[in-house]
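Because the structure is predicted, anything quoted here is derived from the model rather than measured.
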Amino acid sequence: MSSYATEKKVAVAAVRRACQLTSSVFNKLVKNETLTKGDKSPVTVGDYAAQAVISTMLYNAFPADPIVGEEDAAELREESSAEMRDRIIALANEALTSELGPGDEVSWGVGPGQEKTAVQLLDAIDRGNHPGGPSGRMWTIDPIDGTKGFLRGEQYAVCLSLIVDAQVQVGIIGCPNLLFDPAQPDLGRGVIFVAVKGHGAEQVTLTGANPIPLKIPCFAPSDISFLESVEAAHSSHTFNERVSSLLNITRSPVRMDSQAKYGCLARGDGAAYLRMPTGVGYREKIWDHAPGAILVEEAGGVVTDSRGGALNFGLGRTLGENFGVIAAGRAVHSRVLEAVKTAGMEAKAKA
Ligand SMILES: Nc1ncnc2c1ncn2[C@@H]1O[C@H](COP(=O)(O)OS(=O)(=O)O)[C@@H](OP(=O)(O)O)[C@H]1O
Ligand SMILES: [Mg+2]
Ligand SMILES: [Mg+2]
Ligand SMILES: [Mg+2]
């Protein structure tokens, strides 16, 4: 099984630079300007600029690889967006031209003197327009996952994955605001989760140091707690409550934005991640789950939909019809799956 050594190196380096960028956007813009005003523009600036940085680095390392990215530059190309566009270009160039870090190579289009033009950076954002599908190599980028968490100064994640023939091979999740070790807060915040199919999962610092292998622990029934979305619109809190009561879970759920949930599951901060649809119609996006799914699987866990079927990353930009997501260690997963089926039948009977 390929170890995807170069892909992993480039992907970690790209997520690292994007994390520097998003932290700087938060410190410069969100903290000062908008927490009270509720203006979403810093998120947008951060999203676009981080996608530009990651896409530029991927293109320099793997020019033939298509990208499925959340953002596109159509609005930025309009004359009315000139001010925002300039900000994004400046932020992206600041991140691309900062000093080389450990493992960085100039050939990825980074380092001092590597400024890009506005046209190059807008084109880099738009390279994320690949439709996805069942065959070939493709990357997914979610430049800021958990935008609402980002604005609140809580959890968000910079997420990148490599999918080959619909199978996730590499997953990287950068979490600038997550404690490196909840048991040792002195170690500070900032984690990058890294997984390669068949080669395990680990977490490193934001500088790529201190690698720690990840393995989901066995949980006693009394220690089980759920990880779930903060936003009730993104996943059903009431369904999770019913599943918890069927499993006699007494611990309160831990609510956290973004794929940081998958990272916390992989290192045992919580026992299960349950994300059930809140209504009909919303299709989950592949960039919201591909990095998390490989991370949990490589840490020894199982990720399925609510019927126990595998998530299908080969259907296009979405996972298709939404049957939710259940992620957990093997033993907990089978118990949660049974309870989800029971709660689903109860809900149907009531409807
Ligand atoms: N209706 C609905 N249902 C399910 N999911 C949705 C929905 N609407 C949005 N999204 C996606 O949710 C992504 C945010 O992830 P989380 O749900 O884990 O974050 S949160 O806790 O709710 O803030 C979020 O990712 P970002 O846009 O990158 O933040 C969206 O892709
Ligand atoms: Mg997202
Ligand atoms: Mg996003
Ligand atoms: Mg979004």
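- Look at D104 and R17 and you find a salt bridge, because one of the NZ, NE, NH1 or NH2 atoms lies within 4.0 Å of a carboxylate O, short of that distance.
- The two residues A11 and I172 come nearest to each other via the heavy atoms CB-CG1, 3.6 Å.
- Nearest heavy-atom pair, I326 versus V336, reported as atom, atom and distance to 0.1 Å: CG2-CG1, 3.7 Å.
- In the model, D65 has a side-chain atom that pairs as donor or acceptor with a side-chain atom of W139 under 3.5 Å.
- In this structure, F180 places its CZ atom where more than 12 heavy-atom neighbours from other residues, nucleotides or ligands lie under 6.0 Å away.
- Counting only N and O atoms by type, the side chains of R255 and S229 include no donor and acceptor under 3.5 Å apart.
- Under a 4.0 Å N-O distance rule, the pair K116/D123 does not qualify as a salt bridge.
- Classification of D142 and K285 as a salt-bridged pair fails, no side-chain N sitting under 4.0 Å from a carboxylate O.
- Of the possible donor and acceptor atoms, none in the side chain of N210 sits under 3.5 Å from a partner among the backbone N and O of V204.
- Shown here is E231, whose CD atom has more than 12 heavy atoms of other residues, nucleotides or ligands within 6.0 Å.
- When atom types are taken as modelled, the side chain of E298 and the backbone of G200 share a donor-acceptor pair closer than 3.5 angstrom.
- With hydrogens and angles left out, the side-chain atoms of Y282 and H234 include no donor and acceptor closer than 3.5 Å.
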